[in-house]
Every structure is written in C-alpha cells, then in structure tokens.
Amino acid sequence: IHAGHLPLWNPYNALGSPEMANFQSGAFALSSLLAYLVPLPVSYTVEVLAKLAIAGTGTYFAARSLGVSIGGSVFAGIVAELSGAFSGWAGWPQDSVAAWMGWIIGAGAWILLKPPRRWPVVALAVAVAFSILGGFPELIGLEAIALGVFVVIAMVVAPQAAKPAVLGRLALGLGSGIAASAAVWLPSSIVLERSMAWGRLEGAHVEPGLLVGLFTNTYFGSPISKAGWFGPLNYYEAAAYLGPPVVMLAGAALAQGPRGRLAWPLFGSALVSLDLALRLGPLAHWVQLLPSLSGLDMTRALLPLSFVLAILSGMGLDGLLARNPGWLGAAPSLTALGTALGIGALLIWLYLTKLSGLGTLQAQARASSLWWPAALDGASVLTAASAALAWRPRRIFAFGLGLAETAFLVVAGAPLNTWGHSYYPTDNSIKELSTIVGSSLVGFGGPHPLWQFSTAGIHPDANSAYGIEEFALYDAATPKSLVAAYQRYSGAPPSETATKAGVSNFDPTISNLAQAKAFGVSYVLFPPHIAPAANSGLHYVTTIDGERLYKAPGAKRASFGRGPDRVVSALRFSDNHTAILSVAATRGQWLHLAVTNEPSWHASADGKPTAVRPWHQGMLEAWVPAGTHELAITYSPAELQSGEKICLAGLLTLVIWCAGPSLIAAWHTKRRPRIA
C-alpha cells in the first residue's frame, strides 16, 4: 500500500495466494485505511482501536435513531464495543464487518421511521459498503439475516415503514452500498467459490450450556487461567459475555407498552441470532440448505446478538428512569426486577450444582467466574427496585450500574491483551534461517495431518512479516485445487477430508526430494527429534534451534521438467502480483511454474502475451517460445475491473441522489424568465 500497489497477491504463503480477493484481509476496511496512515509497527493497534470506536459510535447512533436518551445510548455503545463477542475478535476480520452493524441499524431506522431525509440513505450506503469491505463473508450473511428480520418486524409495528417510497430509499441505500464495494466482493466471490471454505458440510454452533457466557467470561476457564479452557469449541468462538445488567435491561425494554414497540424489531433480530448460534429452531436448518451458506459458522451469530441486546439495554435503561404513573408505567421496572431476581437464582444454582466432576483448578476457575455476575446482579436488583419504588436517587443507582457494567467489561477482556516491546521481534534462529534460505521456498517435514500446522518454522501468515516464504497457508480461501495437487504427489488424505473437517489450513508434509521438486520447495525444516528417511534425497544443512534444515537439490519454482532446456533463473516477484524470470529454450514448450493456480494469471514473453494454463490442477504452466526470453506472469483479476465499474456506478448514483434536486432547482431558476 505504501509503495502504491494494490495488495493483489501474497507470494509468501504456500505457492502464493490471493490477498485482496481472499475477503478476509479487509484491505479496504475503514480500520485498515486508517492503519495505513501510521507507521507499520503501530498500525495493528490503530486498526483495533478504530474497530472499537466504529462499533461504539455506531451503536450510540442506532440507539439515538430509535429514540433512546443520550445516557441510554452511551450505555448501549459501551456494551457493544466491549462485549465479549466483539472485543474478543477485535484483531480479526469478523469485527471489521460487525463494527458497522450499529450504523446500519441507525441509518435504516431513520429511513424507516422518521421523516424523509437524504443523508440517512448516504449513511446507510457507506455503512453497508464498509461492512462488506471488512471482509468476512460468513458474518456478512449472518448480519444480513438479523437486519432483514429487523426491517420486516419494523414494517409491522410501524406501518409507515412499509410505504413504497420508504422502501425505495432503503433499497437505494443498500444497493448503492453493495455496488460501492463491488471491486472487492466480485473478484473475491470467484476465489471463495474455488476455496476449501466453499460447500463445507456443516458449520459450527454454540452449545446451549454456553449461554451462561452471557453473564461471565470464565465459566469454562481462561482467560488466562492455569485451568486453561475446558469448554466446547474455543474461547473466541464461545465468548459472549454481556453481564446481568444487559439482560435485565433488555427485558425492561420489551415491557414499555406502546412506547417500547420499537424494541420488538431488535428483539426479533436477537431471537433469530440466538437461534442461529444455538441451532435450535428450523431457521438454522433452512439456512444450511442454501449451497452458499451450507458451511456457515453459526457461532458468529453471537456478534449481531450482542449489538441488538446492547441497543435493547439502552432502551431498557430509559424505561427504568421514565416517570410514568400507574402499573403500566411501572411495568419496565417490575420486569427488570423479576429478571434480575431470576438471574440471581440461576447464578446460585450454577454455583451449587456445576462444580462437581471438575478438577481443582477448573472448579476454582468456575467458582470465581460467578463473583462478578453476582455483584452486578445485586446492583441490578437495587437499580430495578429503586425504579419500581420511585426512589428519588434512582438515577444515581442507574449511573452506578453503568459504571459497574463498564468495569466488568473492561476487566473481563483485559487479560487477553498482550503487548510486545518490538514489532515482530527477530532472534538468532530467524536471522540464520533467513540468511540461508533467502527467497527460496521452505517446506516442513515430519508426520502431521495436512490441516494441522507443523511445529517447525514460523506460524503461517506471520512468516510474511519476516519475508520468509513457507509452503503452508492459513486462509479460508485456500484453493481446493492446491490440496488436490498435493494429494496427487503424496497420497495424502483426499481434499474432501479437510472439507468435512471444516478446516481451511494447508500445511503439507514434504518427506522426499520428489515431493520437494514437484512444488519447488528448496529447503525442508523438520521438527526436533524427527529426520527424513535415509533414501529421501534430502541433504542435511544445519540445525536451527533444535529444528533440522535440509536442502532439496535441484528443486526450483520454475522448470521445463525433462529435456535439455534447463536454463532457468530463480522465479522472483518484482512487485506483489508480478513474477519474472529468464528462460532459454531450444524449442517452444511449456514451463512448469510452482505458483498457485487461480483463473486470473496472464503471461508474457519479452512483453508479448503468451499462453498460461493450469498444471496438475493446483499450479500453472506458461508457453515459452524458442530462444532466450524474459518471462513475466501477472495476477490481474478481470473481475476487479468489472467491480470498479460497478463501484463507480454506485457512487455516481449516490452523488445524483444527493446533488440532483439542487441541480434541477438551480436549472429551473436559471431558465425562469425575469420580470422587468
């Protein structure tokens, strides 16, 4: 980016992989754009903080659009940005998408429920575009389902929202936002359809028992305790903590009578998101029947659930503080009081019955995890009681509850945040490996499943920061053809095995020279105490921090295979999406290239186009005319140009929508005859 290039291709992982079109890199997410403005060592921190700010301000805006007071909206914004489901994924692309949910709800609510204005349409388009550009298609789908339910129920509770003109403005905002992000999602859709993530048989979901995680973050251990994590899935997938006050206040929002009718669209979204996350009802089953959504990871529905519950909690806080006489006016506070007492009884039951069968450390972790919820629930009871009894200092109780909730959310997530004193620290082992291998491709030996990473080398993706190319990839966009190509040479488990497992990691074992030559792997690292077979053809080089490094003689990223034409320079990338090399051929023939096969490669010899085609499914080969040539292969998705045109059309539509009436009025004024 700083060099002025689009991040089209990542040459450092496996045999290279799409970067911008892998969806998850989020190259044009707003948080990424802000991170580009600062030095690289602090860019990640800026990106995380930007996501938190977008989520918090967006939820505040959504609450205000739905008529919530400033205090209730601030409470909702704090809950949304610090909730376990959001803050736990702050360093991942899930949050680049989810951060915009508040802005989308707010702009959509303004269009549906308030007098017509032009700026909400633009705001909706911007929020939708940046949400898609955030780059996590699973969450885009789950978010769309939750928002669709919100719109449908809003049309029921507020009939004016069903007017054609209102729905037209809503469609204009959504359509313009989708069009404005087409330069990313159009080429990404092609890459995704060829990937291991496409067509997975079944996505993950949350076990019902994990709903206790709405109240606490360490009921199943971590972060970060000696007991470790002893729950199903993993901590990041299961983290959903919001605290008892949020659940209590969400209940109060639904009990506000006619004033609380706007809470029902949010409540519907929450129910649908909960159903998807738990996979309890028919909706989750119907979603799984759609081919493009069959492998949807339902656990991520916890993110939209957190946002709508946060907004509901802001509404509920307003309901507690409203001065409405009579039983109807007291309904929110009475509902809140009953909910808080019910949560208290649940916490007591969990403490008394759910410690048996656990180890000492696990039992300690589980018992201690209930102290924060118990204290917060006590504060919730006091706040609800003060509202029900119309005590004068009830606003003080509410303010104290907000401070306690904020403290809980901060403390709950703080242990996960770690800091280093340097950016990607380099030790002697990394320096030695980099010096020896240079720009050569490094593979990994030792028996390990195709979808489990070797313990040797640098964890895939982190290797990119060190400039060391590794034959391994951690990316949902890992192409199936690359796995099939490896299976052809190694007899590894079929690619379907990895697909069924729902895993897109790719870390093939290189155990002999034939495999190394097939994929252009020049060096092979073996974990400690593991060595290749004596007849493997690999030559020992050195031992680096206990890991044995072997050379694969004759292995190159480009070769003519058998025949006399073997004068080939090393394949190197002149920029992030163009590889060049010098070749000499006595006759025209195909040059084998250990580069991942994607349908967007173009080749040229001395600047003249030449043919390029798949080789063994997962790699490429280019036609080389007789003679000595400078060969270049360039990754340039045709869909990118089409997406750019759609993007311009979407932006132009918004400009016309905003400026058109003013231009027409000015034109009519100019043509109006002057009266002498």
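It should be emphasised that the depicted structure is a prediction, and the values quoted were computed from it without experimental measurement. Just so it is clear, the values below take in all heavy atoms, side chains as well, and ignore hydrogens, waters and symmetry mates.
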Side chain proximity check, [X] to [Y], heavy atoms < 4.5 angstrom:
X      : Y      : answer
Asp275 : Leu271 : no
Tyr12  : Tyr466 : no
Leu303 : Asp95  : yes
Leu401 : Glu405 : no
Leu254 : Thr335 : no
Phe215 : Leu350 : no
Asn10  : Ser464 : yes
Val184 : Ser188 : yes

Backbone of [Y] reached by a side-chain donor or acceptor of [X] within 3.5 Å:
X      : Y      : value
Ser386 : Thr383 : yes
Asp507 : Ala472 : no
Ser333 : Leu320 : no
Asn217 : Tyr241 : no
Gln362 : Gly221 : no
Thr216 : Gly213 : no
Ser380 : Ala340 : no

- With under 30° as parallel and over 60° as perpendicular, where do the rings of Phe506 and Tyr486 fit, or are they tilted in between?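 Perpendicular, since the angle between the ring planes exceeds 60°.
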- If the plane angle is over 60° it's perpendicular, under 30° parallel, otherwise tilted; pick one for Trp100 and Trp103.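 Trp100 and Trp103: tilted rings.
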Euclidean distance, [Y] [atom2] relative to [X] [atom1], rounded to 0.5 Å:
X      : Y      : atom1 : atom2 : result
Leu139 : Trp92  : CG    : CH2   : 14.0 Å
Ile153 : Trp264 : CD1   : CH2   : 9.5 Å
Ile530 : Thr509 : CD1   : OG1   : 9.5 Å
Leu266 : Ile105 : CG    : CD1   : 6.0 Å
Met248 : Ser313 : CE    : OG    : 9.5 Å
Lys480 : Ser195 : NZ    : OG    : 7.0 Å

Judged by modelled atom types alone, do [X] and [Y] share a side-chain donor-acceptor pair under 3.5 Å?
X      : Y     : result
Asp475 : Ser17 : no
Asn463 : Asn13 : yes
Ser25  : Asn22 : yes
Ser87  : Glu81 : no

- Query: Would the Phe307 and Phe86 ring centres measure less than 6.0 Å apart?
  - Reply: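 Here the rings of Phe86 and Phe307 have centres that are less than 6.0 Å from each other.
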Return yes when atom [atom1] of [X] has more than 12 non-hydrogen atoms of other residues, nucleotides or ligands closer than 6.0 Å, and no otherwise.
X      : atom1 : result
Tyr423 : OH    : yes
Tyr474 : OH    : no
Ile396 : CD1   : no
Tyr351 : OH    : no

- Query: Given the rule in the side chain to side chain contact (heavy atoms under 4.5 Å, CB included) test, do Ile54 and Phe130 qualify, once you have shown the distances and angles that lead to the verdict?
  - Reply: CA-CA 11 Å; Ile54 294 168; Phe130 275 123; over 6 Å; no
So which atom in [X] and which in [Y] form the shortest heavy-atom distance, rounded to 0.1 Å?
X      : Y      : answer
Ser369 : Thr218 : CB-OG1, 3.0 Å
Glu547 : Gly457 : OE1-N, 3.0 Å
Gly106 : Ser65  : O-OG, 3.3 Å
Gly102 : Ala62  : O-CB, 3.2 Å
Ser31  : Ser96  : OG-OG, 3.9 Å
Ala127 : Ile104 : CB-CG1, 3.7 Å

- Measure from NZ or CZ of Arg366 to the centre of the six-membered ring of Phe220, then state whether that distance is under 6.0 Å and the direction lies within 45° of the axis.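 Yes - Arg366 lies over the ring of Phe220, closer than 6.0 Å to its centre and within 45° of its axis.
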- What's the verdict on side chain to side chain contact (heavy atoms under 4.5 Å, CB included) for Val247 and Leu242, showing C-alpha distance, side-chain angles and the deciding distance? CA-CA 8 Å; Val247 178; Leu242 293 165; 5.5 Å; no
- Query: So, Glu237 and Arg300, do they make that salt bridge, N to O below 4.0 Å?
  - Reply: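 Arg300 and Glu237: salt-bridged.
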- Message: Quick one, Leu370 with Tyr219, criterion side chain to side chain contact (heavy atoms under 4.5 Å, CB included). Give me CA distance, side-chain angles, the key distance, then yes/no.
- Response: CA-CA 7 Å; Leu370 298 175; Tyr219 189 72; 4.1 Å; yes
- Query: Should Met315 and Leu262 be marked as a side chain to side chain contact (heavy atoms under 4.5 Å, CB included) after you check the CA-CA gap, both sets of side-chain angles, and the distance that decides it?
  - Reply: CA-CA 9 Å; Met315 287 184 170; Leu262 298 182; 4.2 Å; yes
